[in-house]
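Beneath this line is the structure, given in structure tokens, with notes to follow.
Just the heavy atoms: all of them, side chains too, but no hydrogens, waters or symmetry mates, feed the values below. Quick caveat, the model's predicted, so the values are computed rather than measured.
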Amino acid sequence: MSNQPVVIAGAGPVGVTLAEILSLNDIPVLLVEKEAEPNKEWRASTFHAGTMELLEQETGVVDRMLEKGFKAYKVHYRDRNDGLYAEFDFSQISDITNYPFRLQCSQATYVQLVFERLKDRSNVEVIFNSEVVDYTRMKMK
């Protein structure tokens, strides 16, 4: 196997997650971000059980997410005029998941938590203020 790093364009949630998984599996990573720091945009804020289970299995960040986030044990669906019309109680799935809640944890918080883990890894290089504009697939020998 080559020692060439996997190049990842963007230090948003997908980029840092991929870098986390690859680096934990001893695969070198070059993470390229066009901004001066990890992405701080807050486009999403909810993690569901399936995502938490995947992150628990593949990364070590779940405990920190649980510390920083807020657990919502019920979800309500409301109509502007008629009010509450449906409620889902996540305790109903507590026998099949360790995460019977929605975790409210901003995308920016998640990115920062994972980035803090990546900073000290010897198999991860991060380059800021740079943008991937083209690529060529290299053949492995």
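With rounding to the nearest 0.5 angstrom, the CG atom of L54 is 14.0 Å from the NE2 atom of H48. Rounding to the nearest 0.5 Å gives a distance of 8.0 Å between NZ of K71 and CG of L103. Summarising the geometry, atom CD1 belonging to I27 is positioned 13.5 Å from atom CD belonging to Q4; distances are rounded to the nearest 0.5 Å. Considering CD of E35 and CD of E131, their distance stands at 9.0 Å, rounded to 0.5 Å.
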Sequence neighbours left out, cut at 3.5 Å: what donor-acceptor pairs do the side chains of residues 83-93 make with other protein atoms?
{"unit_1": "E87", "atom_1": "OE2", "unit_2": "H76", "atom_2": "NE2", "d": "2.7"}
{"unit_1": "D89", "atom_1": "OD1", "unit_2": "S91", "atom_2": "N", "d": "2.9"}
{"unit_1": "D89", "atom_1": "OD1", "unit_2": "S91", "atom_2": "OG", "d": "2.9"}
{"unit_1": "D89", "atom_1": "OD2", "unit_2": "S91", "atom_2": "OG", "d": "3.1"}

Going by atom type alone, with no hydrogens or angles, which donor-acceptor pairs under 3.5 Å involve a side-chain atom of residues 112-123 and a protein atom two or more places apart or on another chain?
{"unit_1": "Q112", "atom_1": "NE2", "unit_2": "E116", "atom_2": "OE2", "d": "2.6"}
{"unit_1": "E116", "atom_1": "OE1", "unit_2": "K119", "atom_2": "NZ", "d": "3.0"}
{"unit_1": "E116", "atom_1": "OE2", "unit_2": "K119", "atom_2": "NZ", "d": "3.4"}
{"unit_1": "R117", "atom_1": "NE", "unit_2": "E20", "atom_2": "OE2", "d": "2.7"}
{"unit_1": "R117", "atom_1": "NH1", "unit_2": "G60", "atom_2": "O", "d": "3.4"}
{"unit_1": "R117", "atom_1": "NH2", "unit_2": "E20", "atom_2": "OE2", "d": "2.9"}
{"unit_1": "R121", "atom_1": "NH1", "unit_2": "E20", "atom_2": "OE1", "d": "2.9"}
{"unit_1": "R121", "atom_1": "NH1", "unit_2": "S23", "atom_2": "OG", "d": "2.8"}
{"unit_1": "R121", "atom_1": "NH2", "unit_2": "E20", "atom_2": "OE1", "d": "3.2"}
{"unit_1": "N123", "atom_1": "ND2", "unit_2": "S23", "atom_2": "O", "d": "3.0"}

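In terms of the ring pair (Phe, Tyr, Trp, His ring centres under 6.0 Å) criterion, F70 has no residue partners (sequence neighbours excluded).
Both L22 and V124 are assigned to one and the same hydrophobic cluster, defined by single-linkage of ILVMFWY side chains at heavy-atom distances under 4.5 Å. Linking ILVMFWY residues whenever their side-chain heavy atoms come closer than 4.5 Å, directly or via other members, leaves V61 and V14 in distinct clusters. Under the 4.5 Å side-chain heavy-atom criterion for grouping Ile, Leu, Val, Met, Phe, Trp and Tyr, F128 is connected to L31 within one hydrophobic cluster. Hydrophobic clustering (side-chain heavy atoms under 4.5 Å, transitive across Ile, Leu, Val, Met, Phe, Trp, Tyr) groups L18 together with V126. Grouping the Ile, Leu, Val, Met, Phe, Trp and Tyr side chains by contacts below 4.5 angstrom, directly or via other members, places L55 apart from I21.
Contact between D82 and D79 at its shortest, heavy atoms only, is N-OD2, 2.9 Å. Contact between R102 and V75 at its shortest, heavy atoms only, is NH1-CG2, 3.7 Å. Residue C105 comes nearest to Y110 through the heavy atom pair SG-N, 4.4 Å, listed as atom of the first residue, atom of the second, then distance. The shortest non-hydrogen separation linking V62 to E56 is CG2-N, 3.4 Å.
The shortest distance between side-chain heavy atoms of V29 and E125 does not fall below 4.5 Å. A heavy-atom distance below 4.5 Å is not found between the side chains of E58 and L24.
Of the N and O atoms on the side chains of S130 and E33, not one donor lies less than 3.5 Å from an acceptor on the other residue.
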